[in-house]
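Take a look at the structure set out below.
Numbers restart at 1 for each chain; the letters A, B, ... are given by sequence-line order, proteins then strands.
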2 protein chains.
Amino acid sequence: MLGYSTNMSLTRTRARRATINDVADAAGLSRGTVSRVVNGEKYVSDEARHAVEDAIARVGYVRNSAARNLVKQESRAIGLIIHEPHSLLFEDPNIGSILLGANEVLSKADYQLVSLIIDSDRDSRRVADYLRGGLVDGAVIISARASDPIAAAIAEIGLPAAFVGHPDGTPELPYAAIDNEEAARAITSRLLGTGRKRVGMIASALDRDSGKDRLSGFRAAMGGQFDPGLVVEYPLYTYAAGFDGMQELLRRAPDIDGVFAASDAVAAGAMTALQEAGRRVPEDVGVVGFDDSSWALRCRPQLSTVRQPADLLGSAAAELVLAQLNGLPGTPRVLETEIQWRESA
Amino acid sequence: MLGYSTNMSLTRTRARRATINDVADAAGLSRGTVSRVVNGEKYVSDEARHAVEDAIARVGYVRNSAARNLVKQESRAIGLIIHEPHSLLFEDPNIGSILLGANEVLSKADYQLVSLIIDSDRDSRRVADYLRGGLVDGAVIISARASDPIAAAIAEIGLPAAFVGHPDGTPELPYAAIDNEEAARAITSRLLGTGRKRVGMIASALDRDSGKDRLSGFRAAMGGQFDPGLVVEYPLYTYAAGFDGMQELLRRAPDIDGVFAASDAVAAGAMTALQEAGRRVPEDVGVVGFDDSSWALRCRPQLSTVRQPADLLGSAAAELVLAQLNGLPGTPRVLETEIQWRESA
DNA sequence: CGATTTTCTGTGAACGTTCCCAGAGACAGC
DNA sequence: GCTGTCTCTGGGAACGTTCACAGAAAATCG
């Protein structure tokens, strides 16, 4: 006990934080009363309230969340797990929209959104520990790949959670998604409707549900005309994939006159490759994309694409988590997409 | 005590989590021994270790972080505060790079990076509470504006922290930054060196140190030729700002033959506006940008710009926080930039 | 004015860990 | 066989809250 009072030791560089007891002493009241003031409960006299508020300011008290979370058995925080390869975190504007959409919903419900990014196996383990440790009350998982270990860890401990997207091979969790297959089918049909005869696809991210489903949709729309030689595949939804992919398609089929790119970034890359190869868009080759991200308006000519409501996906997933927190079922939601027909086809 | 054993009440829908005491009981050992096993300490017999590991698996124990944080008085988490307007979160690839850079450093030091985004006043308050509550041991603040309330809150409680960038009007905290002014001066001089006579600037984000300093650098380089009429200002570093800004500049000075855009996104917008106005880049008008983001290579012609090492800014800021956590001073770091001269000027 | 309700305050217990100390046992050295 | 070191285990105390309960004081009621 002696060592404690002479608080000049170098072992603890930061000053000891004031606790609720310090406030109580300073105000000449009890712990309980201070707690009631801090939490804005009723049954505390004006006199006491002011004394406590005064004391709080004087000693510089701020509540210790760890202690509170421990006794309340909740954190009022929701984790959002971003599991993306480097390049996509820079290029994919959807992620930002999803984030903001989720944040808006959670913020209104007075939950703190904490984003955790996974960029290595070490991260993966640490994030799993973080989620399991009770530091969040729920989780939103974006861009999970088939059989993601994080998703398994979440399911195992029964943490309320929801996916953005609908990867298969993952545990049974609710999700907010769009129907990628149907949307891809629709825009490919529309492209065919402009009279194109040789239509190819630059497919991406086939390890994700979105990538896989967009390819199936394309195949469905092409029906008997489907030619596997006119599909090229790349691992990521990037501008570079579009650029390289288009060059490859031109090599394979110089007479190609239509392309469905798996995302807007891919489409932008493809358009650059086409223009450098001297093809006019849309006169010689029609190009369509997917996402209706900021890329679409930036392209010249402006891109015809599928509008996907990324912010709504984020907020819907957040709502699914909140529903579970309130003991409700949390049934999957499929949001509507819409074709944005502009100039590129 | 009676009520506790019959654990069928509906008030608590999720099953009670196993605690360290449950594990101890199941293993026929004490709390202390279980704790030692969980934390991988020495002085525990092989026999005991196996018994505990067995028991942990059997009861499905996972450590409660709130309790641990409370007694250890640390969380081993670092907050990263993103305070950006909507549009930038989508368009600015630097943010992703900074995030990954910081994450890499912290991950190696076994700290969990948690990103907190601020998108409203409500968020601002909640995030401040989160930081103050002891849920993080330190913070990295990116894109703070002059006199940011969050920065003030952090300084007030003495949380180890660092800025990315160097806003003034903010509390004395270490930072990792580049010399925006000098870099802007350098690239403007280089642009002038190509023989341009009428050079303007599309300035952005003057409420931020980066925006302000880039403008000063431009002015310094222009010296006596500086014409305030050839500077247009926009609030955000966006493609749209570049597009609109360039149109405005062309209106004000049809004979303009050089432009310094405050960022690559701005430059990309400017180039589109120029091309739509029938000007050739770089023959009629030279364009330079700032960032060397993925925009730069995407532009046609490719953009001459200032390369700024966004990932290193993130990692340097993270290192500054770690240094403070280890009781070291944490002195500001200014990182080198480099001109990437390509085709647009 | 006594009985009842309402308002207000204080305190013990609990949340689930880690830390520290005491003590038991094994083993070595002389 | 005594002393000393090393290995291992158990349990009390503390971390800083919230909660439930008890009881005092004040207000209301019949």
Side-chain angles (χ1 to χ4, degrees), chain A residues 1-5 7 11-12 14 16-52 55-56 59-76 129 132-135, chain B residues 1-4 11-12 14 16-52 55-56 59-76 129 132-135:
Chain A
M1 275 301 147
L2 237 85
Y4 270 60
S5 34
N7 204 350
T11 53
R12 199 172 279 258
R14 280 171 65 195
R16 195 180 70 87
R17 288 173 49 158
T19 76
I20 205 172
N21 287 307
D22 298 333
V23 176
D25 289 353
L29 288 163
S30 77
R31 217 178 28 183
T33 306
V34 177
S35 177
R36 278 183 284 266
V37 171
V38 169
N39 293 302
E41 287 170 26
K42 46 190 269 191
Y43 294 147
V44 31
S45 65
D46 283 355
E47 191 189 9
R49 185 180 308 280
H50 288 131
V52 168
I56 285 176
V59 305
Y61 169 74
V62 8
R63 174 165 65 197
N64 181 314
S65 299
R68 168 172 238 243
N69 292 351
L70 176 58
V71 52
K72 298 208 76 163
Q73 300 279 64
E74 67 162 13
S75 65
R76 297 210 73 83
D129 283 350
R132 282 198 292 234
L135 262 21
Chain B
M1 277 300 146
L2 238 82
Y4 271 61
T11 53
R12 198 172 279 260
R14 279 172 67 195
R16 194 181 71 88
R17 286 173 51 156
T19 77
I20 205 173
N21 287 308
D22 298 332
V23 177
D25 290 352
L29 287 162
S30 78
R31 215 178 31 182
T33 304
V34 175
S35 178
R36 277 184 285 268
V37 170
V38 168
N39 293 300
E41 286 170 27
K42 46 188 271 190
Y43 293 147
V44 29
S45 65
D46 283 357
E47 192 190 8
R49 184 179 309 279
H50 287 132
V52 168
I56 286 177
V59 305
Y61 169 72
V62 10
R63 174 164 66 196
N64 181 314
S65 299
R68 169 172 237 244
N69 292 351
L70 175 58
V71 52
K72 299 209 76 163
Q73 299 279 66
E74 66 162 15
S75 65
R76 295 209 75 82
D129 284 350
R132 283 198 294 235
L135 263 21

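Annotation: salt bridge (Lys or Arg N to Asp or Glu O under 4.0 Å) contacts involving residues 63-75 of chain A, sequence neighbours excluded, comprise A:E74-A:R76. Applying the salt bridge (Lys or Arg N to Asp or Glu O under 4.0 Å) test to pairs two or more places apart or on separate chains, none has a residue in residues 35-50 of chain A.
Minimum atom distance to the side chain of B:Y61 is reached by C:dT17, of the listed D:dG16, C:dT17, C:dC15.
If you check residues 42-52 of chain A against DNA chain D, you find no residue with a heavy atom closer than 4.0 Å.
Here the closest non-hydrogen pair linking A:T33 and A:V44 is CG2-CG2, 4.4 Å. Counting all heavy atoms, side chain and backbone alike, B:V59 lies closest to B:A26 at CG1-CB, 4.0 Å. Summarising the geometry of A:Y61 relative to A:V38, their closest heavy-atom pair is CE2-CG2, 4.1 Å, with the distance given to 0.1 Å.
Between B:Q73 and the phosphate of C:dT18, there is no side-chain N or O to OP1/OP2 separation shorter than 4.0 Å. A close approach under 4.0 Å does not occur between any side-chain nitrogen or oxygen of B:R68 and OP1 or OP2 of D:dC15. Within the 4.0 Å cut-off from OP1 or OP2 of D:dG16, not a single side-chain nitrogen or oxygen of A:T19 is found.
As rounded to whole Å, 21 Å separates atom P of C:dA14 from atom CZ of B:R17. Across the protein-nucleic acid pair, B:I20 atom CD1 and D:dG11 atom P stand 14 Å apart, rounded to whole Å. Atom CG in A:N21 sits roughly 13 Å away from atom C1' in C:dG12 (whole-Å rounding).
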| How does protein reach along nucleotides 19-28 of chain C, written 5' to 3' as B (base within reach of a heavy atom under 4.0 Å), S (only sugar-phosphate), or - (no contact)? | S---------
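Here the OG atom belonging to B:S65 is positioned 12.0 Å from the CG atom belonging to B:L70, to the nearest 0.5 angstrom.
Distance alone, capped at 3.5 Å, is enough to place a donor-acceptor pair between the A:S75 side chain and the A:L135 backbone.
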Anything under 3.5 Å between a protein N or O and an N or O of nucleotides 22-29 of chain D, put it in a table, one pair a line.
none

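Between B:T33 and B:L70, the residue anchored closer to the 5' end of DNA chain D is B:T33, taking for each the nucleotide with the nearest heavy atom.
In this structure, A:R31 has no side-chain hydrogen bond (donor to acceptor under 3.5 Å, both in side chains) partners at least two apart in sequence or on a different chain.
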